[in-house]
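For reference, the structure is listed below as structure tokens.
Please read these numbers as outputs of a predicted model, since none were measured by experiment. All values below come from the heavy atoms of this structure, side chains included, with hydrogens, waters and symmetry mates left out. Residue numbers start at 1 and run along the sequence shown.
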Amino acid sequence: MYQPTKTNDYKFMDRTIREQFWVGGVAAIIHKYVGPAAQPDRNDPTQPNYMDGREVDPLSGEFINVDGILNETKIQDLLFMENRDRKYDPDIYELRGVYNVSDNDFDLSQFGLFLSNDTFYMTFHINDMVEILGRKLLSGDVIELPHLRDELLLDTGRQAVNKYFVVNDASKGSEGFSKTWYAHIWRVKLSPINDAQEYRDILGSEHDVNSLKNAVSTYKSEFNISDAIVAGAAQDDPIGKSLIDHLFGYDYATSGGIVNRDDTYNHGETISSGGEFPNNPNEGDFFIRSDFSPARMFVRRGSKWNRRYDNITDKTWTDRTYNASGFINNEQHTTVVDNQEFKEKQALSDVILPKSDT
């Protein structure tokens, strides 16, 4: 079935698949990404102004794109490799797409509330897409789905808007290859957009009360929640006094100075200690042998005392790791040479002096 050129078999299958999309697909309004917007700073090499025709070839150093042609291959910020100020085609295109509808379940397994399947995949007919859009869908294009419009909002004062999604990735779908081994379906990965800087050309400005940005954004609600939390905290604690009663050993200030609270802590019971084990112990009794260095705690299990812990809180990690840590570090010992006392631990730079350059 494969031929080096696209035969009538390919054209027949392509027309059949195109008809399937137009009959069974859903309308998708395409906001076509055309490239980065013109930059105000024309002297910043990391953000070239393509509309000014001052793009420089990195190899030859010559000016290219002197006509100021703007397209999707241009990058706004060459340092961070991103397009923050995106320009979208004012014309609107309509395609037919197909995707699997699924429920949006909330994921509570992490810290916070997340949608577990807010990203989905949508397929389009390749030739139909190229004929209408002029190219294939790519990352940065925004797709508006009118059939997901929510008209039954709880707040009757808010306007109902369509759902907007941005294309994150695009490739040929594996299910779109026919018997001729040619692809007919273009598969894109979609995720919801937010009121970010990238989509300002579509959503409008926050200063316009009727803009889509104010309709889809939640920043005002988040600010209101934050202000309500601050107001509630100020009402519950108007003088801003710290709650320190539950803190153990906390030093707090009074009008007469710093007062240190009692640092003693009652563990609820005391453990017997001594230089030898008791004569008639009970099952489960704890006993600390103070003649051990460091002191060691034992517990009575059956007919013997089992070792539990050693009191090594007064030692450093090297003391617990090396048996000869005192000899290795040797911080305390001194020696006498020619009636002069020196520390046995010295730096090599003090013992072996550097040679003079002359």
Heavy-atom side-chain contact between [X] and [Y] under 4.5 Å:
| X | Y | result |
| --- | --- | --- |
| Gln47 | Leu79 | no |
| Lys172 | Trp186 | yes |
| Phe120 | Asn100 | no |
| Met13 | Tyr182 | no |
| Asn168 | Ser139 | no |
| Leu145 | Asn162 | no |
| His184 | Ser178 | yes |

More than 12 heavy atoms of other groups within 6.0 Å of Phe80 CZ: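 No, because the 6.0 Å sphere around CZ of Phe80 holds 12 heavy atoms or fewer from other groups.
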Residues, nucleotides or ligands: over 12 heavy atoms within 6.0 Å of Glu283 CD: yes
Taking only residues two or more places apart in sequence, or in another chain, which ones meet [X] in a salt bridge (charged side-chain N to carboxylate O under 4.0 Å, His left out)?
| X | value |
| --- | --- |
| Glu222 | none |
| Lys213 | Asp195 |
| Asp169 | none |
| Glu72 | Arg135 |

Between [X] and [Y], what is the shortest heavy-atom contact and its length?
| X | Y | value |
| --- | --- | --- |
| Asp128 | Leu95 | O-CD2, 4.3 Å |
| Ile132 | Glu94 | CD1-O, 3.7 Å |
| Gln76 | Arg84 | OE1-N, 2.9 Å |
| Ala170 | Leu137 | CB-O, 3.5 Å |

Geometric cation-pi criterion, Arg300 with Phe287: 6.0 Å, 45°: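 No; the conditions do not both hold, so Arg300 does not lie above the ring face of Phe287.
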Pairwise distance CG(Asp141) to CG(Leu190) - rounded to 0.5 angstrom: 10.0 Å
Spatial distance of atom OH (Tyr164) from atom CD1 (Ile193) [nearest 0.5 Å]: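 If we round to the nearest 0.5 Å, Tyr164:OH and Ile193:CD1 are 7.5 Å apart.
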List the residues meeting side-chain hydrogen bond (donor to acceptor under 3.5 Å, both in side chains) with [X], not counting sequence neighbours, and say none if there are none.
| X | result |
| --- | --- |
| Asn194 | none |
| Arg301 | none |
| Asp285 | none |
| Gln197 | Asp85 |

Salt bridge Arg86-Asp201, side-chain N to carboxylate O under 4.0 Å: no
From CA spacing to verdict: salt bridge (Lys or Arg N to Asp or Glu O under 4.0 Å), Glu19, Arg96: CA-CA 10 Å; Glu19 186 68 18; Arg96 293 287 178 138; over 6 Å; no
Same cluster (ILVMFWY, side-chain, under 4.5 Å), [X] and [Y]:
| X | Y | result |
| --- | --- | --- |
| Tyr88 | Leu138 | yes |
| Ile185 | Val101 | no |
| Trp22 | Phe124 | yes |

Results of ring pair (Phe, Tyr, Trp, His ring centres under 6.0 Å) for Phe223 - residues two or more places apart only: none
Partner set under ring pair (Phe, Tyr, Trp, His ring centres under 6.0 Å) for Phe12, not counting sequence neighbours: none
Indicate yes or no for a side-chain donor-acceptor contact from [X] to the backbone of [Y] under 3.5 Å, with no hydrogens or angles considered.
| X | Y | answer |
| --- | --- | --- |
| Thr119 | Ser191 | no |
| Arg289 | Gly275 | yes |
| Asp338 | Gln340 | no |

Ring centre gap for Phe298 and Phe277 strictly below 6.0 Å: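 For Phe298 and Phe277, the ring centres are under 6.0 Å apart.
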With sequence neighbours excluded, residues passing side-chain contact (heavy atoms from CB on, under 4.5 Å) with Val98: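 If we apply the side-chain contact (heavy atoms from CB on, under 4.5 Å) test to Val98, skipping adjacent residues, the hits are Phe21, Thr123.
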Quick one: side chains of residues 24-36, donor-acceptor pairs under 3.5 Å with protein atoms, not counting sequence neighbours, listed by atom name and distance.
| unit_1 | atom_1 | unit_2 | atom_2 | d |
| --- | --- | --- | --- | --- |
| His31 | NE2 | Glu144 | OE1 | 3.0 |
| Lys32 | NZ | Leu133 | O | 3.1 |
| Tyr33 | OH | Asn83 | ND2 | 3.2 |

